[in-house]
Amino acid sequence: VAREAQLRERDRQLQRQNEQLSALNRINDTIREIGRTIVRAETREEIDRAVCERLTDGDRFSFAWIGSVDPANERLEPRAWAGDEQGYLDCQPFAVGASDTEPSGQAAATDTVSLETNVAAGLRDEPWRTEALRRDFTSVLSIPLVYNDLSHGVLSVYADSKDAFDETARAVLAELGETIASALSALERKN
């Protein structure tokens, strides 16, 4: 009986590992597609659009957008988006601030990755959470697009499940942010 319990536990563990590997393979495939597109892109708009579209092509992420900081009013202004947006970008101002703001604003303010694993937690504390949950956005990861201390905005990715961004996904998407920022810098130098 003890041996069978060990075997069942080992099977469950192997199944979890296989699911994690499958998810990692899907993310890596998406990142490779984005990389190929970035290399061929000739405009900032092409890069922005391709990144958002590729991230939302599968069923893992519901919505993605890239925004730039408007220095006049310290808000993020959307440049490109894809997925099931449902009016989220129009429903609120995306203030730039280190705390009490949507993760996109936090990432823009701090130039660090901002993660919200459970949007429902603290629902009454911050108005953006209600708007996100109305659209079934349960997890949010926002990545600053920074290369050589030059900011190119923020990439935000939304998922419809809690804890959708495990450590590997966060690391891979953070690296993608660096790649996007590098490509945007190279494009600016070229132009």
Side-chain angles (χ1 to χ4, degrees), residues 26-96 101-116 119 128 131-132 134-137 139-148 150-160 164-165 169-170 172-191:
R26 286 192 307 271
I27 287 175
N28 283 334
D29 289 344
T30 301
I31 300 303
R32 275 191 224 102
E33 288 177 31
I34 291 171
R36 285 191 294 269
T37 303
I38 286 174
V39 168
R40 292 189 305 261
E42 294 185 20
T43 66
R44 176 185 201 148
E45 292 77 18
E46 283 180 67
I47 292 173
D48 292 348
R49 187 178 61 251
V51 167
C52 294
E53 287 174 355
R54 297 291 187 278
L55 286 173
T56 58
D57 272 350
D59 60 349
R60 178 151 186 172
F61 305 123
S62 304
F63 170 56
W65 68 285
I66 294 177
S68 298
V69 176
D70 181 350
N73 62 13
E74 286 297 307
R75 298 200 187 287
L76 277 170
E77 298 294 330
R79 291 192 323 239
W81 58 90
D84 196 11
E85 186 252 348
Q86 304 175 58
Y88 185 68
L89 297 175
D90 297 326
C91 73
Q92 63 186 324
F94 288 89
V96 175
T101 60
E102 209 259 0
S104 304
Q106 292 175 21
T110 62
D111 283 339
T112 60
V113 172
S114 180
L115 172 67
E116 184 55 60
V119 172
W128 71 268
E131 295 299 331
R134 282 187 185 142
R135 292 152 178 89
D136 291 325
F137 301 150
S139 297
V140 183
L141 180 67
S142 295
I143 302 128
L145 304 177
V146 178
Y147 181 74
N148 286 342
L150 180 61
S151 177
H152 294 280
V154 174
L155 165 65
S156 291
V157 184
Y158 300 76
D160 60 4
F165 303 98
R170 288 191 303 262
V172 169
L173 290 171
E175 191 173 311
L176 173 63
E178 293 172 11
T179 302
I180 295 165
S182 173
L184 291 170
S185 289
L187 190 61
E188 286 179 3
R189 282 191 305 273
K190 179 182 167 185
N191 290 339

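When reading the values below, keep in mind they use all heavy atoms of this one structure, side chains included, and skip hydrogens, waters and symmetry mates. Note that the structure is predicted; figures quoted are calculated from it, not measured.
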I need the [X] [atom1] to [Y] [atom2] distance, nearest 0.5 Å.
X: E178; Y: L145; atom1: CD; atom2: CG; value: 10.5 Å
X: I180; Y: L173; atom1: CD1; atom2: CG; value: 9.0 Å
X: T43; Y: D48; atom1: OG1; atom2: CG; value: 8.5 Å
X: Y158; Y: S62; atom1: OH; atom2: OG; value: 11.0 Å
X: R54; Y: T37; atom1: CZ; atom2: OG1; value: 4.0 Å
X: I143; Y: S156; atom1: CD1; atom2: OG; value: 7.5 Å

Is the backbone of D84 close enough, under 3.5 Å, to the side chain of R135 for a donor and an acceptor to pair up by distance? no
Sequence neighbours left out, what passes side-chain contact (heavy atoms from CB on, under 4.5 Å) with Q106? Give chain and number order.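 Only T101, S114 meet the side-chain contact (heavy atoms from CB on, under 4.5 Å) criterion with Q106.
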List in chain and number order the residues that pass side-chain contact (heavy atoms from CB on, under 4.5 Å) with S185, two or more places apart in sequence or in another chain; answer none if no residue qualifies.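 Here the qualifying residues are Y147, L150, H152, R189.
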Tell me, do [X] and [Y] make a side-chain contact under 4.5 Å, heavy atoms counted?
X: I34; Y: L176; value: yes
X: L55; Y: L155; value: yes
X: R79; Y: E77; value: no
X: V119; Y: W128; value: yes
X: E131; Y: E102; value: no
X: S104; Y: W65; value: yes

Against R32, only a single residue in T30, D29, N28 fulfils side-chain hydrogen bond (donor to acceptor under 3.5 Å, both in side chains); can you say which? D29
Ignoring hydrogens, what is the shortest heavy-atom contact between [X] and [Y]? Give both atom names and the distance.
X: T56; Y: G83; result: OG1-N, 3.6 Å
X: A183; Y: I47; result: CB-CD1, 4.2 Å
X: F61; Y: A159; result: CD2-CB, 4.4 Å
X: E42; Y: E46; result: N-OE2, 3.3 Å
X: A80; Y: C52; result: O-SG, 3.7 Å
X: L76; Y: P78; result: O-CD, 3.9 Å

Kindly indicate, with the supporting measurements, whether the criterion side chain to side chain contact (heavy atoms under 4.5 Å, CB included) is fulfilled by V157 and F165. CA-CA 10 Å; V157 184; F165 303 98; 4.0 Å; yes
Give the ring-plane orientation class for F63 versus Y88, where under 30° counts as parallel, over 60° as perpendicular and anything between as tilted. perpendicular
Going through the checks in order, is the side chain to side chain contact (heavy atoms under 4.5 Å, CB included) test met by R44 and S68? CA-CA 12 Å; R44 176 185 201 148; S68 298; 3.7 Å; yes
I'd like to know whether CG of D59 has more than 12 heavy-atom contacts from other residues, nucleotides or ligands below 6.0 angstrom.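 Incorrect, the count does not exceed 12.
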Counting only heavy atoms not in E188, do more than 12 sit closer than 6.0 Å to its CD atom?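 Enclosed: over 12 neighbouring heavy atoms sit under 6.0 Å from CD of E188.
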